[in-house]
Colleague: 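To start, I am sharing the structure in question, which I have written as structure tokens.
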Amino acid sequence: MWCLELLLPLLLFINASCQWNVWLPRDISAMTNSCVVIPCTFMYPSGIRPSRGIHGIWYFGQPYPQLFPPVVFKSRTDVVHESYKGRTKLLGDLHQRNCTLLINNIGTEHSGRYYFRADLGGANIYTYPDFTELKVLDQPNIDVPEEIVSDESLELTCYAPDNCPDMTPEIQWMYTDYLPDPEFSTDLVEESNTAVLSNTLTFTPRPMHNGQLLGCRVYYPNTTLAYERLISLDVKYAPRSVWVNASSEVMEGSSVTLHCEVDSNPPARIAWMFGDQELLWDTASNVSLMLDDVTPANEGIYTCVGDNGYGIMNTSLYLAVKYPPHEPVVNDSITVVEGTTLALHCSTQGSPAPTLTWLKDGQLVGTITADELSVLTIVEITPQGDGQYRCLAENEHGRASSSLNITVEYAPVLLEESKCTVVREGVQCVCMATGNPEPTIEFYLPDLNITINETDGRYNFYTHTDGHTSTGMIKLREKGERVDNGSPAVNVHCSISNAYGRESILLELQQEKKYMMAVIVGTIGGVAVIAFIIAAVRYVGHNNKKENGNPRQDVVLENPALYYRWVGLPFSDCLGLKFCVMKKSYSHDKTPC
Ligand SMILES: *[C@@H]1O[C@H](CO)[C@@H](O)[C@H](O)[C@H]1NC(C)=O
Ligand SMILES: *[C@@H]1O[C@H](CO)[C@@H](O)[C@H](O)[C@H]1NC(C)=O
Ligand SMILES: *[C@@H]1O[C@H](CO)[C@@H](O)[C@H](O)[C@H]1NC(C)=O
Ligand SMILES: *[C@@H]1O[C@H](CO)[C@@H](O)[C@H](O)[C@H]1NC(C)=O
Ligand SMILES: *[C@@H]1O[C@H](CO)[C@@H](O)[C@H](O)[C@H]1NC(C)=O
Ligand SMILES: *[C@@H]1O[C@H](CO)[C@@H](O)[C@H](O)[C@H]1NC(C)=O
Ligand SMILES: *[C@@H]1O[C@H](CO)[C@@H](O)[C@H](O)[C@H]1NC(C)=O
Ligand SMILES: *[C@@H]1O[C@H](CO)[C@@H](O)[C@H](O)[C@H]1NC(C)=O
Ligand SMILES: *[C@@H]1O[C@H](CO)[C@@H](O)[C@H](O)[C@H]1NC(C)=O
């Protein structure tokens with residue numbers, strides 16, 4: 001009847017159903033030192049009529065009696081295996097086909113398979129191949145999900161077998177004080193006549209709970225039996241902080257280490273990026289980027305990116321590379337015409353940004369700027385604007401400069417030293433002018449309607465050029481009359497010219513002691529007179545021009561005979577003129593006229 005009931009839902013194998021059959025749980029568990037009841041019912045073929053009662057044996061380990069498995073329980077005798085002595089009791093009534101077994105004071109050595117053998121007398125002895133696998137636990141089991149992810153609700157279930165009728169377990173979670181809003185729920189699941197008590201802890205873990213210990217405690221009230229299991233939470237979380245150095249400054253040529261530390265679980269793939277370029281990566285908790293011999297090209301934003309599959313995060317820093325100014329770039333040297341307005345550009349690089357200063361011939365001009373570019377504007381440049389312009393770039397790490405020369409071309413300007421003076425032999429006229437290109441000097445004698453210039457070899461005419469200053473000299477001798485009888489009537493024009501202009505001036509006659517003295521000395525020798533005059537002119541010119549950067553080397557004074565020769569011939573015969581000129585001459589043989 002019972003047999004039918006049980007199998008009816010399967011298939012109506014009525015005959016087959018009442019064969020050798022046993023029903024016991026496939027698995028059952030118990031805590032150490034507690035007890036376990038293995039529920040068991042069995043069937044035997046309906047044809048068998050047990051004559052001398054029904055007996056049963058429980059074996060441990062294996063079903064084959066010939067291999068002498070440990071006897072757990074035997075209904076015929078008390079003889080059981082040592083380890084089961086006094087511990088086992090058959091709760092079921094074999095005549096009711098109930099083979100339910102109690103094992104007390106259970107130990108881990110009792111873990112294993114339990115087989116039931118029915119003894120119905122005679123040859124009707126049968127060991128059922130089905131078995132119960134007993135697990136004896138000294139710790140409760142905790143169900144932990146394979147992956148615990150931060151900010152996602154987590155359920156942890158702790159299990160305790162409840163198969164000992166005298167003792168009912170209870171479950172407690174430990175170390176839950178710091179969990180956010182933990183919830184607990186107990187449940188009792190009965191299956192195949194076995195029961196499992198469970199307690200489920202529900203909460204939402206945060207990154208901070210990674211590595212935290214949690215415990216489950218199973219105990220039996222009013223006993224000393226208690227069991228604990230501890231677990232450490234492995235909470236996966238996306239990078240929650242990416243630490244990098246503060247932005248920093250380094251000197252060009254030095255080396256620097258940029259450090260990045262990522263807080264994540266599992267460790268992230270950490271990459272150092274410079275712009276779009278990935279410089280370095282590693283899967284670790286920190287990665288250091290070494291930059292050797294940094295150049296200005298290394299300056300910029302460095303980003304450390306942490307990615308561990310649960311999320312991605314980055315932090316950046318700015319690396320500034322300090323270096324002394326590079327040689328400034330300035331315009332090429334140029335030649336301009338007086339009155340031109342020009343802008344000189346100076347640019348350089350340096351870090352920190354250098355200051356730019358313009359110097360002309362060593363003197364500060366213009367303002368100091370801290371821009372990348374400094375423009376010096378010269379409005380309507382004058383001859384004084386001629387010179388060397390230097391742009392100086394400076395920062396705290398050094399200085400550099402570049403220069404250019406500006407040559408100013410201008411129309412000739414007569415210098416005030418130009419005049420005629422009375423000398424012993426007559427009248428000497430000096431004409432001085434500056435200009436760029438250096439002016440050409442000509443004398444014009446209107447009375448004679450005659451122009452004398454350098455190439456006019458017939459006259460004793462002398463010119464000299466020093467830089468932008470030209471000097472012309474002519475000496476006139478008056479026929480018959482004595483000079484000291486009174487001022488002679490002198491009508492000498494000086495004409496100065498270059499590409500930018502021409503000017504003609506009537507030279508005034510002056511009596512100057514300096515030249516009178518020169519005349520006296522001059523009697524000693526014409527060369528000495530010339531030398532003196534050149535020296536005087538140069539002296540005046542020096543005062544006038546100031547420093548123009550050209551080294552002064554008085555070649556003429558040192559060896560005047562090499563270049564100039566005193567001819568000093570009276571030319572009255574030649575041209576019927578009452579004057580005498582000093583002539584630049586290259587040969588003794590060249591006689592005027
Ligand atoms: C077998 O015996 C046990 C113990 O007396 C009892 O709790 C259980 O209900 C019985 N099983 C059946 C199927 O009658
Ligand atoms: C434990 O013992 C106390 C008295 O000592 C009793 O009141 C209580 O019901 C017992 N609890 C259990 C679960 O047996
Ligand atoms: C970055 O930080 C690390 C660790 O604190 C340090 O060793 C390194 O020198 C720092 N680098 C810079 C450029 O500050
Ligand atoms: C950096 O990572 C290494 C291993 O990758 C580790 O040994 C070291 O302690 C870490 N340093 C820091 C500051 O976290
Ligand atoms: C860093 O993060 C910001 C914001 O999340 C993102 O816009 C940027 O593209 C990231 N940079 C890199 C280099 O990944
Ligand atoms: C100097 O160079 C700049 C830039 O090349 C240019 O604009 C400027 O006209 C130049 N100045 C002169 C005087 O040549
Ligand atoms: C400018 O002139 C000076 C002297 O005349 C010369 O030494 C220097 O090299 C010149 N500089 C440039 C840039 O031409
Ligand atoms: C000067 O001479 C030129 C020819 O050489 C002549 O044409 C001119 O008229 C003369 N001038 C005077 C003022 O005599
Ligand atoms: C000097 O005058 C002559 C004739 O007038 C002329 O051909 C020559 O070019 C002049 N020389 C100079 C240096 O001006």
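Counting starts at 1 for both ligands and their atoms, following the listed order. Quick caveat, the model's predicted, so the values are computed rather than measured. Index from 1, following the sequence.
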Colleague: Looking only at heavy atoms, what is the nearest atom pair of Leu445 and Ile452, with distance?
Modeller: CD1-CD1, 4.0 Å

Colleague: Considering residues, nucleotides and ligands other than Glu508, do more than 12 of their heavy atoms fall under 6.0 Å from its CD?
Modeller: no

Colleague: Would you tell me whether Tyr237 and Asp151 have side-chain atoms, one donor and one acceptor, within less than 3.5 Å of each other?
Modeller: no

Colleague: Under 30°, 30 to 60°, or over 60°: which ring-plane class applies to Tyr462 and His464, parallel, tilted or perpendicular?
Modeller: parallel

Colleague: Using distance alone, decide if ligand 3 has a nitrogen or oxygen within less than 3.5 Å of any nitrogen or oxygen in Trp243.
Modeller: no

Colleague: Could you list each N/O atom of ligand 6 together with any protein N/O atom closer than 3.5 Å, one pair per line with the distance?
Modeller:
unit_1   : atom_1 : unit_2 : atom_2 : d
ligand 6 : 2 (O)  : Asn331 : OD1    : 3.3
ligand 6 : 2 (O)  : Asn331 : ND2    : 2.3
ligand 6 : 11 (N) : Asn331 : ND2    : 2.8
ligand 6 : 11 (N) : Ala343 : O      : 2.7
ligand 6 : 14 (O) : Asn331 : ND2    : 3.3

Colleague: Does Ser248, backbone or side chain, put an N or O under 3.5 Å from an N or O of ligand 3?
Modeller: no

Colleague: Counting only heavy atoms closer than 4.0 Å, does ligand 3 sit against the backbone of Val256, its side chain, both, or neither?
Modeller: side chain

Colleague: Distance alone, cut at 3.5 Å: any donor-acceptor contact between the side chains of Tyr323 and Glu299?
Modeller: no

Colleague: Do the side-chain N and O atoms of His326 and Thr348 include a donor-acceptor pair separated by under 3.5 angstrom?
Modeller: no

Colleague: His468 vs Tyr410 aromatic rings, parallel, tilted or perpendicular, using cut-offs 30° and 60°?
Modeller: perpendicular

Colleague: List ligand 3 atoms under 4.0 Å from His259, heavy atoms only on the residue side.
Modeller: 1 (C), 2 (O), 3 (C)

Colleague: So, is Asn314 polar-close to ligand 5, with some N/O to N/O distance under 3.5 Å?
Modeller: yes

